[in-house]
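Beneath this line is the structure, given in structure tokens, with notes to follow.
In this chain, residues are counted from 1 in sequence order. Fair warning: this is a prediction, and the values are worked out from it, not measured in the lab.
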Amino acid sequence: MKARAQTAATSIETPGAEEDISDSNAVLAHVASQEQMVIDRLRQTGGEIAVQELKEKFNVVDSPPKTETKQETTNKEEVEVEVPVEVPEEPLPEEGHVSHDEVSEQEEEEKPGPSSEFYEDMAKMEMAHEIVMNSNYKIEKKQSEGLQGQVESTMKKAFWDSVKQEVENGDYSQCVNLLAEIREQIESIGTIEKLPPTHPFRVLIADTIDIPLIKQQIEHQTFDLSIKVKGIVSILVKLCSAAKDPEIRVIVELTDVVEIFKALFEAVQAIKLEIANYYLEKAKSTIKQHSIEYERAKFEEFLQNHPSGLDKTKEWLRENEKDSPLATMCQAYLQLLSVEPPKPETIALDEARYRKLGSQLRSLLLSSLLSLKLGSLHPGYAEIPFLSSLHSTLQILAPDDPAPYRDLILHKTVDLCATKVPTINKTTLEKVVSSAVDAVTQESEQDPVLQILRRRLSGYLTEVSLNRKPGVPKGFELVQEQVVQCGEAFLKLVDFNRRVYGPYYAKILKQSSG
């Protein structure tokens, strides 16, 4: 990775007058591709509004350094992009009761399958762990990806094409099978399956989707699918929340037989998930109360079946051994935020969270490092409006990890600086910015300013992880709000992990010191 970064830096730092035109075009093409990656990411999280604001900022940066452009750049407000969280508008009606067994079944059916023997043993406690760490956690429908997804899509298309052709030829045998499946799916929702056959709601379902009667109607050519759909929809709206009503009622307006059945099956599955998540939400407080004991018990079961299940954890702690167990654990947790972190077994369920948090911290380090280095080049770069605009731009380009967008960050930052101070030497700017980006993404120990910032940030995170209330370290004033948020996320991760696996850590450290 270092060699690739150095090569890119060399091609960009070559003086413009002597630069080979083909190399310049290649760099610009690479920058454009990274810019498109940012736009695609923003469209997924913030929609077209966020994309438009980004393009406006890019247009300001890319335009020639005129007075009015400079004013617009320095006063540009920070763009905040929030990932929408889907929250049910109203609780489900009483008819939608679901047992905790249903929640468990949904979790088993919908959660992605583990990828190794280790994760097979850990999967049982993953749901409880997610509920503790993610307050917005909910059960979601599993989406097949890659080759499996393509195969499933092809098979489904072939099936629905055959259904459509049979109906057009007057053959309704597949429709009968599909209606029977829909009835079975509805009767399996929540506590409906536990109701006696004589219960009014079970009778309503049986009368609405009476398979023997439907077969007779087809035989005598009196079957009307639209009437049957209206009856099924009337059942489904009794089970769903008010927020889902419009989506389900619109099914009666469909005319294509394939689209009708697809919509009915999707509606039933959506109701199942909705009910499961409703009762999961009610159970969260109880799950959280017992999550520590539960996760530790499950991990103990794993160790009984895998005696070497702590080998990577032991190696992790040995690498970070200090004068005291407390110092060792503090250093070990900080190592999880590095570019290439270790993978101890006790961190398996939070690997992605530590990795993302480490990337976010590197992004904040880059903002702070650039603000200090650019401020030493020209007083104009030390002005608060400019620094706010710089940080806003960097957060849009690389809110998590600056490494994949190295050339784009270089290009946009240099242009932003040149717009602010047109007389600045552009080659000098490129060297300062590229060295800062490379130092942060490669975790270089050669940059003295970065070393100071990293040491201060590590000290802050250590204090936070010990449940203390330190002030934001010097040099991070520009990004103090984000630093505090990262500190809170780090404390949550460390505190829970320490509570669950502390006894194992204590035993390992005691054996090591002995």
Cut-off 3.5 Å, side chains only: do [X] and [Y] have a donor facing an acceptor?
X      : Y      : result
Thr346 : Tyr505 : yes
Glu300 : Tyr504 : yes
Ser188 : Lys272 : yes
Gln174 : Ser162 : no
Gln360 : Gln485 : no
Glu345 : Thr313 : yes
Tyr172 : Glu166 : no

Close side-chain approach of [X] to [Y], heavy-atom, < 4.5 Å:
X      : Y      : value
Ser367 : Leu390 : no
Leu364 : His391 : yes
Lys238 : Leu204 : yes
Val257 : Cys175 : yes
Ile227 : Lys230 : no
Leu317 : Pro344 : no
Val268 : Leu264 : no
Ser338 : Glu443 : yes

Inter-residue atom distance [X].[atom1] - [Y].[atom2], 0.5 Å rounding:
X      : Y      : atom1 : atom2 : answer
Asn497 : Leu349 : CG    : CG    : 9.5 Å
Ile235 : Cys240 : CD1   : SG    : 12.5 Å
Ile271 : Glu247 : CD1   : CD    : 10.0 Å
Thr441 : Leu365 : OG1   : CG    : 11.5 Å
Gln216 : Asp210 : CD    : CG    : 8.0 Å
Ile292 : Arg498 : CD1   : CZ    : 11.5 Å

Of the non-hydrogen atoms in [X] and [Y], which two are nearest, and what is the gap between them?
X      : Y      : value
Ala267 : Leu236 : CB-CD1, 4.0 Å
Ile409 : Val437 : CG2-CG2, 4.0 Å
Ala332 : Trp316 : O-NE1, 3.1 Å
Ile214 : Leu179 : CD1-CD1, 3.8 Å
Gly231 : Thr208 : C-CG2, 3.6 Å
Leu239 : Ile186 : CD1-CG2, 4.4 Å

Test side chain to side chain contact (heavy atoms under 4.5 Å, CB included) on Leu361 and Phe490; report intermediate values, then the result. CA-CA 11 Å; Leu361 290 168; Phe490 187 58; over 6 Å; no

Salt bridge check: are [X] and [Y] linked by an N-O gap of less than 4.0 Å?
X      : Y      : result
Glu293 : Arg296 : no
Arg183 : Glu187 : yes
Lys228 : Asp224 : no
Glu295 : Lys298 : no
Arg353 : Asp350 : yes

Whether the side chain of [X] engages the backbone of [Y] through a donor-acceptor N/O pair (distance < 3.5 Å, no angle test) should be reported.
X      : Y      : value
His199 : Phe201 : yes
Asn169 : Asp171 : no
Asp495 : Leu491 : no
Asn277 : Leu273 : yes
Arg355 : Leu337 : no

Within a radius of less than 6.0 Å around [atom1] of [X], do more than 12 heavy atoms belonging to other residues, nucleotides or ligands occur?
X      : atom1 : answer
Lys312 : NZ    : no
Glu319 : CD    : yes
Gln289 : CD    : yes
Arg499 : CZ    : no

Start with the C-alpha gap between Tyr501 and Ile347, add the side-chain angles, then the distance that decides, and say whether side chain to side chain contact (heavy atoms under 4.5 Å, CB included) holds. CA-CA 9 Å; Tyr501 301 101; Ile347 308 295; over 6 Å; no

What's the verdict on side chain to side chain contact (heavy atoms under 4.5 Å, CB included) for Thr393 and Thr413, showing C-alpha distance, side-chain angles and the deciding distance? CA-CA 8 Å; Thr393 300; Thr413 303; 5.7 Å; no

From CA spacing to verdict: side chain to side chain contact (heavy atoms under 4.5 Å, CB included), Met133, Leu493: CA-CA 8 Å; Met133 303 308 298; Leu493 286 169; 3.5 Å; yes

Show, in sequence, the C-alpha distance, side-chain angles and deciding distance for Ser241 and Glu274, and conclude whether the side-chain hydrogen bond (donor to acceptor under 3.5 Å, both in side chains) test is met. CA-CA 8 Å; Ser241 65; Glu274 190 177 42; 2.4 Å; yes

Centre-to-centre under 6.0 Å for Phe302 and His306, is that the case here? yes

Kindly assign one of parallel, tilted or perpendicular to the pair Trp160 and Phe261, based on the angle between their ring planes and the thresholds 30° and 60°. parallel

